[in-house]
Every structure is written in structure tokens, then in C-alpha cells.
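Remarks on the structure that follows.
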Amino acid sequence: MEAVVTLAIVLVLIQTMAEDVLVLSGAAWTVRKIFLYTGFGFDLFFTLEFLIRSWNALSKKSFKRYIVRENGWVDFAASIPLLIFTSGPAFFSLLAGAAFAGSGALIGLLKVVKAVRMARVLRLLRLLKIFRRIRFADSMMVQRHTVRIVTTAASTLIFSVTIIGTVFALTDSTGTEEAWMKDQSAALLLLEKQPERAAGPDNAGLWGASHPSVMLIKDNDWTLYACCSDDYLKSYFGPADYTVRETGPYQIWFDLRPSAVSQSRLNLTVFLSTLAVVLLIMITYSPHFAITVSDPVNVMIRGLREKSYNLEVSIPGDYSEDDIFRLGSAYNDEYLPLKERSNSEDQAGGALDISLDDISDLLGS
Amino acid sequence: MSAERDKADVFVGRLWNNPSLSGLSPLQKEEQLLQFLEINSGTLLPTLTSRAFFPDYPWVKIYDLLKQSLSGYANKALSPLYEAILERKMDFSFVQHMPHRTSSPSAVRTQLGDFLKTLSGQINSRKELAGPLMGVGTGMIDRYMEKVFQRQKYISFELRKVQRLKISSNEVTDLVKTTMLIRPSVQFFTPGGQSPSSGRNLLLISSGFAAKVAAAAGKTLTFMPDSVIKAGVNSALSFQDNPYMESTARLAAVFSHRCRNLKPGMKVDRGAESSDKSWFNVARKNYKFYGFDLDMLVELHGIAAENGW
């Protein structure tokens, strides 16, 4: 079961990144649609996983332990909110075959869409689950400390981006995207006051061409202006990629993809930054911790436990004043010489390399 | 009785060939296994008194059988080891440059070979042979002496200027090795097999006793120059009490101690210093206890540190 979950985590991370890459590359809607379905499937799977684990933990009265110590909070944050706010609504809007949101103020709609997409960043928390499962250090202490630091750094980054991004998305801002969309709203207002500007195909063509976000202008069922061919529109635009507004006798289709592209760029930035943080800590901090903490401790443990072990703790010049190396220095200068003298006075002789375990077959045990 | 010996040989053979003892010299193996049998007698007894081995035998009798068998295994391995060391790892041409009792190098080699067999016939001198054999056999002495002569510092000065050895560097190295191999004669000629000045496992004797041992050893090693025998025996003196002892004797003392529990190919843990560097540094702290020459230890520690030994 754990292997299946691990595989699912790897796949969902690839899926999340691929989804954004497809949006950035302007892939066909049929391809992107597959990723929306799989995204929903993964979120459903992880929600079920969280519920099962929670149920098990509750039945064993260890729910708090699961949430706090076993990173159950990661399971929660990367499943239920995503299912409810992101992949679930997208999935059902796909089933309905309607535009993702076709009513309300355009700018308000954009903010909600942006906030919802922002939440997808939470999927990156799964990276931490994978990281916890990788055995990258011999010492359990090194593993635990590195995992703690990675979890703290990566989750802070992910939550900060999600929360701050959502707040910025839902509040007024003067970002370029919003400003661009406000221009389109102004254009819409102008058309409402002066409908003659889109009267007839020639006028509508001129007006539409001067507004890059306008895909189609229709007067009832009569298409006055189309930015692209019907086939192109059908292949590359899904329900979440456009919105339809009516003003006077006209229906105007607006292209929402620039907002998605901008969001995907941000999501990819966060994903790659998180990955970089995790890898960098694993590559640089983990060995540093081993060299400066766990390795000298393990040498001293062997020296204390094994009679014949007489290797000194290696003390790097740069860290000689660290507590652990001051202890190592005392071990080298006081304990080892004393042990050596004690061993030489011991009539029973030196330490043995062979133990009863080595001849268990001979003893029949 | 032959059947019992066979059984003892089978049991000891399994112990002797245990992978955990691989890399140890025959004498180190023998010492370890004797200790192992003593320490674990209680646990081993039910198995050893079973039908498969020695039913109804008392532990003392079983232990004697195993000890004899163990000694046989060690002796079998020792003979070729002596031969290999004396033939391939040492050259006795240095004796030709020394006064007194000099003979041909091959005669000295043969006589020393016989002397080593004599030393290994007595339990304490046999134990003491472990270090010298390991030091010579593993090439450790060659490695260090090469660096000593490259550095031209304290040890080289002591050998060349103080002890006035006017022979080649290789010959000095062979002289140190020979001194090490003669050193266990102190244990051999000690009444009861124990050194008189200490109740410990340490081999430290008085200069008066050293003179008696040297005289006794000289009667057996008739081809060996007196100065070499004297240095071999003097290596059991404390340098603090005898500041004029030969530098070859001081080196022999340090190397014999170092190699006694040497484990070639020992894996050095991450975060630990190398084996030789650790040993020489600890020995620096204990130099008075063992009667070592501190300056020699400092230089040998430096060599170990420079070369990652």
C-alpha cells in the first residue's frame, strides 16, 4: 500500500508540473483536459488516503500523533482543500461542459480563478512525504534533523506563497494582469455606450482586433468578428479558458488564458524553488550535519563501547570550538589514553574481534 | 585420544577460519581465540560436552585439547610466515658492517629463524612476537623508515649522528626490524615468563636485568652482533630512565607496541582519524607509561598525518 502511495505522490508531482508546462506551452485543450481529470483523480485518491489514515489513527487513539508527528497535516493540506476548491469544481464544470465561470464581474471572476489555481501549489507539500521516505543518510539523527529542516523550509515557502498569493488575488491590486483586464472592462463599457463601434463585420473586426483578449463578437447568432478559425477555437479553448459577456445586442468572448499562463508561471517557479530548497538542503546540510555532529558522536560511542576501538575523533580546525568537538577533544586527550593504559594493564588481554554470534551455526543456536 | 584431537581440530578449524578474524596474523588469531574460549567457557560448555564433541569431559580437559589444536594451527601458519619474513622482507647484509661476531648474512638469517621458533615455543615470548611479526610482515616499518630518511629530522638524526649508523637507509631499516624480532627474548629469558619490574602486560625491565638477558640471548644468537642483541633487549627499557638507549631500540619499542594489535585494512569510520595517527597521538599522551621517546612519537605522528596512515 505504501509503495502505491509513494508512486502516486511521484506521479502527482509530475502531473502538477506537466499541467503548468502544458498551459505555458499553449497545448491543445484535449491534452490539458486529461490532466484536469487525472488531477481530480489524484486529489480524490489522497483525500481517501487521508481519511483512512485518520480513521486508523482515531481508532488507535493516536490522531494527534498522526497529525503532528507523522505529518498528517501534510496529508490534509495536500488533499481535501485541493479537492474542494481546485480539482473538484474544475472536474464538475468539465462534466457540465460550461465555461468555468460565466457570470459576475470579469475582474472578480479572474481573482477567484487565480486564488483557486494558487491553491494547487499545496500539492507540492507531497514532495515532503517523498523526501521523508528517501533514506539518504546512514544516521537516523542526520535523517531526522534534515527532514525537519526541509519540512520547515519547504512548507513555509509553499504556505506563504499560497496564502499571500490568495490574499493578493482576492484584494485589489495594480498588477499588470488586472490592469490589462480593467482595460478590457473599460472597452466593454465603451461598447455599451457606443454600440455602433461594433456594428457590422468591418467595425466589429476593427474593434475586436484592437482588443487582444477578445476572441469573438456575436450579434445574436451572427458572428461579427472571430480572432481565429472555429477549428482552432474548438481545439485550444476549454470551458475555463474563456468567459462570455453581453453588452447591448452583442455577446463578447474574452480569452482568459493569459491569467492561467501567469499563474502557471508562478506555480512552476514555486515548484522548482521548493525542489531546489529540498535538494540543496539534502546535498549541503545533510553531510554538514553528519560531519559536525553525528560522525564524531558515533566515533565516541564506538570508543566507549568497544574495548579495542582506539580511533580518535577527527577535529576540523574550523569547528574546533564547537561543543561537540570540544567533547571530542576531551575524548581524544583524556579518555583514549586512559583506556589504552587500562587495556594494557588488563590481564584478560585486548578486545575480541570474534563473538558468539559469529559461531552461532557451530553452537546450533 | 586421536578421535578427540580430530574433534578439537574440527572445532578450532571453524573458529580459525571465521571471517571476523581475517586479516589478523596467526599469533593475533591465537591470542584472540584463547581469550574467546576462556571468556565464553560457560556458553561453549554445553555444546562441547554434547555427543558431537567431548561428552562428560571437564572444561579443563576440553580447554587443553582446544589449546593444543589452536597451537597446532598457529604453528602451521607461523613456519611459512617466518620463512617469508626472513627471506623476502629482510636483508641481513648490515651485519657485515658491524663489529663483533659478524658472520655471513645467510647464517645470521638461519640462526634468527631458529631463534624465532624457540621464542614461539614459550607462551609469553610467543605473545610478544605478534607485534614484530606484524610490523615486518605488513611492510609498516619499511613505509615509516622511508619517510624518516626523507624528512631528515629527529629520528634520522638520532640514527645517523647519535647512534652513528654508517650504513644505508635500507640496512638501517633491516636493523630496526631485526631489533624488533629480538625484543621478545626479554619475555623468553624472564623467570616464569613475566617481566620482573611489573605485574602488568607491559614489557618494561631494569637495565641490570637487560644486561643479563642480552648475555643469555647472545649465547643462542652467536652470529648476531652484540650491539643488535643489546638494542633488541634494551627496547624493553624505559627511555625516561635510560636516556642513552639506542635509537633503534626506541624505534623497536614503539613499532612493536603499535603493531601488536594492528589490523591491516581496518576501515576507518567517517569522523575518525586514521588508525596510525590515532595510535601515535594516544601514545604521545602515554609516553611515560610505556617508556617511549616522545620526540620520536611526535615525528611518527607527523608522518602518519601527512600520509593519511
Side-chain angles (χ1 to χ4, degrees), chain A residues 137-139 142 287 290-303 306-316 319 324-325 328-329 331-365, chain B residues 10-11 13-16 18-24 28-29 31-40 43-44 46-48 50 52-53 127 130 198-203 257 260-261 263 266-290:
Chain A
D138 296 335
S139 158
V142 175
I291 290 167
T292 55
V293 181
S294 68
D295 287 351
V297 167
N298 286 328
V299 170
M300 286 187 270
I301 288 173
R302 279 199 73 183
E306 297 174 27
K307 200 175 171 187
S308 68
Y309 192 85
N310 62 356
L311 298 188
E312 292 190 309
V313 173
S314 176
I315 299 180
Y319 308 119
I324 196 79
F325 289 116
S329 186
Y331 166 88
N332 289 349
D333 297 340
E334 306 295 333
Y335 175 73
L336 279 184
L338 201 64
K339 179 181 170 182
E340 175 63 27
R341 292 204 294 274
S342 168
N343 279 349
S344 72
E345 286 183 322
D346 189 353
Q347 294 290 349
L352 296 179
D353 290 310
I354 188 169
S355 70
L356 286 169
D357 293 337
D358 294 320
I359 58 160
S360 54
D361 57 329
L362 203 58
L363 297 176
S365 57
Chain B
V10 170
F11 188 81
R14 297 287 294 276
L15 295 177
W16 187 266
N18 197 288
S20 57
L21 298 177
S22 63
L24 297 184
Q28 285 176 324
K29 272 189 187 181
E31 193 177 343
Q32 288 245 345
L33 289 175
L34 281 174
Q35 278 182 55
F36 176 78
L37 292 173
E38 280 178 30
I39 291 168
N40 297 300
T43 315
L44 295 171
T47 303
L48 290 169
S50 68
F53 289 102
K127 269 188 188 176
S198 119
R200 307 175 296 208
N201 274 344
L202 288 174
L203 190 73
H257 271 277
R260 185 163 183 179
N261 296 314
K263 289 168 191 165
M266 177 189 178
K267 185 177 167 282
V268 177
D269 295 319
R270 272 187 338 207
E273 289 291 6
S274 59
S275 180
D276 280 359
K277 191 180 170 193
S278 294
W279 192 89
F280 285 121
N281 203 32
V282 170
R284 283 200 308 187
K285 310 278 176 0
N286 285 335
Y287 78 100
K288 283 183 186 169
F289 185 78
Y290 291 103

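Note on naming: letters A, B, ... go to the chains in the order of the sequence lines (proteins, then strands), and numbering restarts at 1 for each one.
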Spacing of [X] atom [atom1] and [Y] atom [atom2] [to the nearest 0.5 Å]:
{"X": "A:E340", "Y": "B:N261", "atom1": "CD", "atom2": "CG", "answer": "8.0 Å"}
{"X": "B:N286", "Y": "A:L338", "atom1": "CG", "atom2": "CG", "answer": "8.5 Å"}
{"X": "B:Q32", "Y": "A:S308", "atom1": "CD", "atom2": "OG", "answer": "7.5 Å"}
{"X": "A:S314", "Y": "B:R270", "atom1": "OG", "atom2": "CZ", "answer": "12.5 Å"}

Pair count under 4.5 Å, heavy atoms only, with chain A: among B:S50, B:P46, B:A272, highest is B:A272

Any idea which of B:E273, B:E38, B:R284 has the most non-hydrogen atom pairs under 4.5 angstrom with chain A? B:E273

Please find the pair of heavy atoms, one from A:N310 and one from B:S278, that lie closest to each other, and give the distance.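 Smallest heavy-atom distance, with atoms named: O-CB, 3.6 Å.
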
Shortest non-hydrogen contact between B:K285 and A:N332, atoms and distance: NZ-O, 4.5 Å

Contacting moiety of B:L33, where chain A heavy atoms sit under 4.5 Å: side chain

For B:L24, is it the side chain, the backbone, both or neither that has a heavy atom under 4.5 Å from a heavy atom of chain A?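 Only the side chain of B:L24 comes within 4.5 Å of chain A.
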
Can you say whether A:I291 sits under 4.5 Å from chain B via the side chain, the backbone, both, or neither, judging by heavy atoms?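 Neither part.
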
Interchain contact, A:N298 with chain B, by part (heavy-atom threshold 4.5 Å): neither

So do the side chains of B:F289 and A:P337 get within less than 4.5 Å of each other, counting heavy atoms only? no

For the interface with chain B, which of A:D333, A:L336, A:I315 has the highest count of heavy-atom pairs at distances below 4.5 Å?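 Option with the greatest count: A:D333.
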
